[in-house]
Amino acid sequence: MKASLVALVTLSAQLAAAHYTLPDLIANSTTFADWLYVRETANHYSNGPVTDVTSEAIRCYELDYTATAPATSIATVQAGSTVGFKGNDDFYHPGYFSAYMSPAAPAANSASAAESSTWFKIWEDPPVFENGALVFPSQTIDEITFTIPKNLPSGQYLLRGEQIALHVAESYGGAQFYIGCAQLNVVDGGDGTPGPTVAFPGAYTGYEPGILINIYDLPAGYTGYQSPGPAVWSG
Ligand SMILES: *[C@@H]1O[C@H](CO)[C@@H](O)[C@H](O)[C@H]1NC(C)=O
Ligand SMILES: [Cu+2]
């Protein structure tokens, strides 16, 4: 009995360790402190994922819907520059990475910002279908980086990084969403019109072939990973 308790405790520790958060904004080639520019998430201690795509948590997963945004700083970044998120651990799970942005009114640190259909996707790193199997972006990296589109108009934005982990996604609600939202003031922007836009919640139903999928037993005639959400706006 004692041995099985030890085994259980060890297993729980491994499960907890196999989750992660995205607490650090990367900008200007610098990795900033935990939760300085990224809204602190409700899983800051548990590291657990969001699994309900219809919940408010799917937007930014804030610890507190009213207090977290104003408590978080706003980072000034240049359009066309490289930004990203560093995790608190390697992104262990096989999954699909993407990044979205939304204009944030009245400001990036407003709790009520970006609650409607204003989010557009600026980057993705999908699995590749090769020799009958899905090959996933590296699971030994602990950061993702990408470019703020050069033509993005200057202004206040939220930047939402996401991994949809797919290791237990074969049943509805099994996919695990690891999310972080950074608060940005974009400068030196252009006159592009970002789109198509979606809302969070709303962007996903949970039944998309890129979310409800058994990655270890692909359907007959499978032709490749279909990214959930809108197409990437590259500016
Ligand atoms: C990044 O560099 C720009 C240009 O020098 C500067 O205005 C901005 O404050 C820097 N951002 C951060 C988060 O340090
Ligand atoms: Cu996990």
Side-chain angles (χ1 to χ4, degrees), residues 8-39 41-53 57-58 61 69 71-97 99 101 104 107-109 127 136-150 152-159 161-171 173-190 211 213-216:
L8 188 66
V9 169
T10 307
L11 180 65
S12 316
Q14 283 168 353
L15 288 174
H19 299 309
Y20 28 82
T21 57
L22 288 70
D24 303 345
L25 175 71
I26 299 168
N28 292 353
S29 304
T30 303
T31 300
F32 292 97
D34 290 1
W35 315 122
L36 173 62
Y37 295 121
V38 177
R39 293 182 177 183
T41 49
N43 65 338
H44 68 109
Y45 184 69
S46 73
N47 296 332
V50 177
T51 55
D52 180 357
V53 298
I58 198 72
Y61 206 5
T72 308
S73 299
I74 302 173
T76 295
V77 298
Q78 288 169 302
S81 70
T82 298
V83 296
F85 292 90
K86 184 173 187 298
N88 67 339
D89 206 337
D90 284 348
F91 301 128
Y92 287 78
H93 295 309
Y96 165 73
F97 291 95
M101 292 184 79
N109 63 354
F136 286 88
S138 172
Q139 289 157 244
T140 56
I141 59 163
D142 66 357
E143 61 180 54
I144 50 174
T145 56
F146 38 85
T147 304
I148 303 262
K150 183 71 194 128
L152 186 69
S154 297
Q156 300 273 306
Y157 288 90
L158 292 182
L159 171 67
E162 175 180 70
Q163 186 204 26
I164 307 178
L166 297 169
H167 53 301
V168 287
E170 69 276 8
S171 55
Q176 300 183 346
F177 295 76
Y178 294 92
I179 297 162
C181 286
Q183 300 185 160
L184 302 184
N185 172 37
V186 175
V187 297
D188 302 333
I211 295 179
I213 177 176
N214 185 338
I215 59 170
Y216 306 107

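One-based numbering, in listed order, for ligands and for the atoms of each. The chain is numbered in sequence order, starting from 1. The basis for the numbers below is simple: all heavy atoms, side chains too, and nothing from hydrogens, waters or symmetry mates.
- Each of the following atoms of ligand 1 lies closer than 4.0 Å to a heavy atom of F32: 12 (C), 13 (C), 14 (O).
- Between H93 and H167, the angle of the ring planes stays under 30°, which puts this pair in the parallel group of the 30/60° scheme.
- The Cu ion (ligand 2) has an N, O or S atom of H19 inside 2.8 Å of it.
- When each of D142, T145, D34 is paired with K86, the side-chain hydrogen bond (donor to acceptor under 3.5 Å, both in side chains) condition holds for D142 and for no other.
- Some N or O of T76 is nearer than 3.5 Å to an N or O of ligand 1, by distance alone.
- In summary, the side chains of D188 and Q78 do present a donor paired with an acceptor at a separation below 3.5 Å, with no hydrogens or angles considered.
- The aromatic rings of Y178 and Y20 sit tilted, their planes meeting at an angle between 30° and 60°.
- A ring pair (Phe, Tyr, Trp, His ring centres under 6.0 Å) with F91 is found for exactly one of Y96, F97, F85, namely F97.
- Distance screen at 4.0 Å: atom 5 (O) of ligand 1 has no protein heavy-atom neighbour inside the cut-off.
- Ligand 1 has a nitrogen or oxygen under 3.5 angstrom from a nitrogen or oxygen of N28.
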